[in-house]
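Below is one structure, written out as structure tokens, with a few remarks after it.
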Amino acid sequence: MSEMHGADVEALRALGTAMERHGETLELAVGQLTDAVTSVQWSGQDHEEFLNEWQVRHAVALLAVAQAIAAAGAKAVANADAQEQTSASYDGGGGGGPSGIPEGTDGSSSEGQGNKRKEPEGAPSGLGKVEDIGAVPLDTAAIDASKIEQGSLADCWFLASAGAVAESDPEWIQEHIKYNAQDGTYTVTFYRDGEPVEITVEDTAYQNAAGDPSGAPSWITVYEKAAVVYMGGEYGDIEYDSASKAMEMITGKDTSSDSLDPALPWEDPPSLQSIGERVKNGEPVVAASPDGGGWFGDPPPDKEVVNNHVYTVQGVSEDGKTITLVNPWGPDGGTGSDGTTKPGTITMSADEFYENFDSVTYGESTK
């Protein structure tokens with residue numbers, strides 16, 4: 001009887017990536033809580049004891065756990081990469097990228113971190129049947145935030161960010177997606193730590209994946225499928241994450257964020273004019289609404305805004321008085337869990353925007 005040595009490489013990498021992501025999220029939460037603890041209007045002996053206990057005991061312990069989780073995740077990813085490379089050499093695949101696929105065997109680039117070719121797994125039942133999509137339109141008219149309609153996956157963080165890049169620089173998307181007609185595949189180039197990672201997937205997609213508002217598959221269908229592979233290989237890996245991660249994986253460039261929370265007195269929210277200038281300068285920009293309830297605060301008061309959702313910022317009016325956002329649900333919007341209609345595009349005043357959204361994330365221009 002044969003005995004398996006080592007690990008399931010893809011499962012190990014997915015585990016490591018998830019641990020890194022959750023470690024970073026916990027570390028961010030500790031920082032936000034520390035800001036809240038130190039800025040609360042409270043004086044006296046009780047406050048001093050509370051503050052000291054948080055800073056000396058709780059915050060230190062939580063940060064240590066967060067960093068340990070992230071470090072363990074990074075180690076798991078490194079072990080997966082090392083095992084994959086070792087396996088490739090034993091299988092006669094020397095010269096391949098981290099996936100163990102010989103470079104150039106499917107027309108991929110030999111630069112960067114190699115080509116990862118793998119079909120996504122673990123599709124939720126709501127995605128429907130798999131269909132052939134063939135060659136989707138990749139002209140400038142097709143690559144637009146308003147031409148995105150979210151499917152059954154909870155991946156607005158990725159779709160809105162991809163839409164923001166499409167708004168700022170559609171040519172970037174065109175240059176980073178390739179249809180390989182000879183074997184019926186697509187190759188999408190993402191980035192990890194600024195280095196290109198090519199993801200190759202078959203030209204098939206689930207009926208209820210993201211696509212064009214007409215119901216047809218589009219560039220975002222391919223981008224979403226490739227992102228699933230990049231994020232770990234299972235459809236659940238792409239649900240619920242951060243816009244900054246999406247922009248960095250799409251563009252390979254750094255991101256920054258501003259809080260819009262008026263409860264944070266140490267940070268002034270950006271003006272609409274400054275947000276508009278960033279959009280004009282070719283930066284992809286998205287805005288996120290609060291989760292609603294629990295530790296994350298109350299839901300948006302405006303019933304037209306979707307809870308726990310990321311929108312593409314399309315632009316700001318010339319006078320700086322209104323901002324327009326695109327909902328990745330598509331131009332027709334949809335019905336929220338509260339039963340109210342959520343429009344596909346929203347134009348708001350500054351006061352309405354700051355009241356209904358809690359953060360803005362900016363990517364660097366790709367032009």
Side-chain angles (χ1 to χ4, degrees), residues 4 6-25 69-70 72-74 76-81 83-84 87 97-101 106 113-133 136 148-162 177 184-190 192 197-211 215 217-243 245-246 249-250 308-310 328-329 337:
M4 175 183 174
D8 180 327
V9 172
E10 293 300 333
L12 182 60
R13 181 176 292 111
L15 172 64
T17 300
M19 291 178 71
E20 286 183 288
R21 182 169 68 248
H22 292 306
E24 292 167 0
T25 300
I69 291 172
V77 171
N79 285 335
D81 290 343
Q83 182 165 312
E84 197 165 46
S87 298
S99 63
I101 299 173
D106 60 355
Q113 297 192 26
N115 183 286
K116 299 181 184 302
R117 181 169 178 174
K118 183 179 183 295
E119 284 296 286
E121 299 173 352
S125 58
L127 281 174
K129 298 180 179 179
V130 176
E131 297 180 333
D132 293 330
I133 63 174
V136 301
I148 293 174
E149 184 164 303
Q150 187 173 346
S152 297
L153 296 171
D155 59 350
C156 62
W157 63 279
F158 175 78
L159 301 180
S161 300
I177 180 172
T185 62
Y186 280 93
T187 299
V188 176
T189 302
F190 288 136
R192 180 172 281 114
V197 178
E198 292 187 339
I199 308 293
T200 298
V201 294
E202 295 178 5
D203 60 350
T204 60
Y206 283 94
Q207 290 174 320
N208 297 327
S218 68
W219 68 275
I220 197 63
T221 311
V222 180
Y223 251 62
E224 180 183 65
K225 184 176 182 180
V228 173
V229 175
Y230 175 98
M231 291 295 292
E234 295 191 5
Y235 280 92
D237 295 328
I238 200 176
E239 297 192 297
Y240 305 108
D241 216 305
S242 69
K245 175 168 287 186
M249 67 184 276
I250 293 171
N308 189 23
H309 201 46
V310 183
W329 282 5
S337 58

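Throughout, numbering of the chain's residues begins at 1 and tracks the sequence. Note: hydrogens, waters and symmetry copies are ignored here, and every other heavy atom, side chains too, is used.
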Margin query: Using the rule given for side chain to side chain contact (heavy atoms under 4.5 Å, CB included), can you reason through T221 versus V136, listing the C-alpha separation, both sets of side-chain angles and the distance that settles it, and then say yes or no?
Written below: CA-CA 9 Å; T221 311; V136 301; 5.9 Å; no

Practice problem: Determine, stepwise, if the pair V222 / V188 fulfils side chain to side chain contact (heavy atoms under 4.5 Å, CB included). | Solution: CA-CA 8 Å; V222 180; V188 176; 3.8 Å; yes

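With contacts defined as side-chain heavy-atom distances shorter than 4.5 Å, the pair E202/Y186 does not qualify. In this structure, the side chains of I177 and T187 stay at 4.5 Å or more apart for every pair of heavy atoms. Using a 4.5 Å heavy-atom threshold, the side chains of K129 and Y206 count as separate. The closest side-chain heavy-atom distance from E149 to L159 is not below 4.5 Å.
Closest approach of I220 to A162, counting heavy atoms only: CD1-CB, 3.7 Å. Closest non-hydrogen pair, A205 versus I133, comes out as CB-CG2, 3.8 Å. Residue L153 comes nearest to Q150 through the heavy atom pair O-NE2, 2.8 Å, listed as atom of the first residue, atom of the second, then distance.
E131 meets the side chain to side chain contact (heavy atoms under 4.5 Å, CB included) test with Q207; sequence neighbours excluded. For the side chain to side chain donor-acceptor pair (under 3.5 Å) test, residues two or more places apart in sequence or in another chain that qualify with D203 are Y179. V228 is linked by a side chain to side chain contact (heavy atoms under 4.5 Å, CB included) to P120, Y235, I238, counting only residues two or more places apart in sequence or in another chain. In this view, S152 satisfies the side chain to side chain donor-acceptor pair (under 3.5 Å) rule with no residue, not counting sequence neighbours. Checked against ring-ring contact (aromatic ring centres under 6.0 Å, His included), Y223 has the following partners two or more places apart in sequence or in another chain: F190, W219. Listed by chain and number, the residues in a side chain to side chain contact (heavy atoms under 4.5 Å, CB included) with A246 are W157, F158, S161 (sequence neighbours excluded).
The CD1 atom of I148 sits 7.5 Å away from the OG atom of S218 when rounded to the nearest 0.5 Å. In this structure, CD1 in I250 is found 12.5 Å from OG1 in T189, a value given to the nearest 0.5 Å. The CE atom of M231 sits 4.5 Å away from the NZ atom of K245 when rounded to the nearest 0.5 Å.
Side-chain atoms of K225 come within 3.5 Å of backbone atoms of T204 as a donor-acceptor pair (strictly under, hydrogens ignored). The backbone N or O of A210 lies less than 3.5 Å from a partner atom in the side chain of E224, making a donor-acceptor pair. Remark: the backbone N or O of A154 is paired with a side-chain donor or acceptor of E239 at under 3.5 angstrom.
No side-chain N or O of T185 forms a donor-acceptor pair with one of T200 less than 3.5 Å apart.
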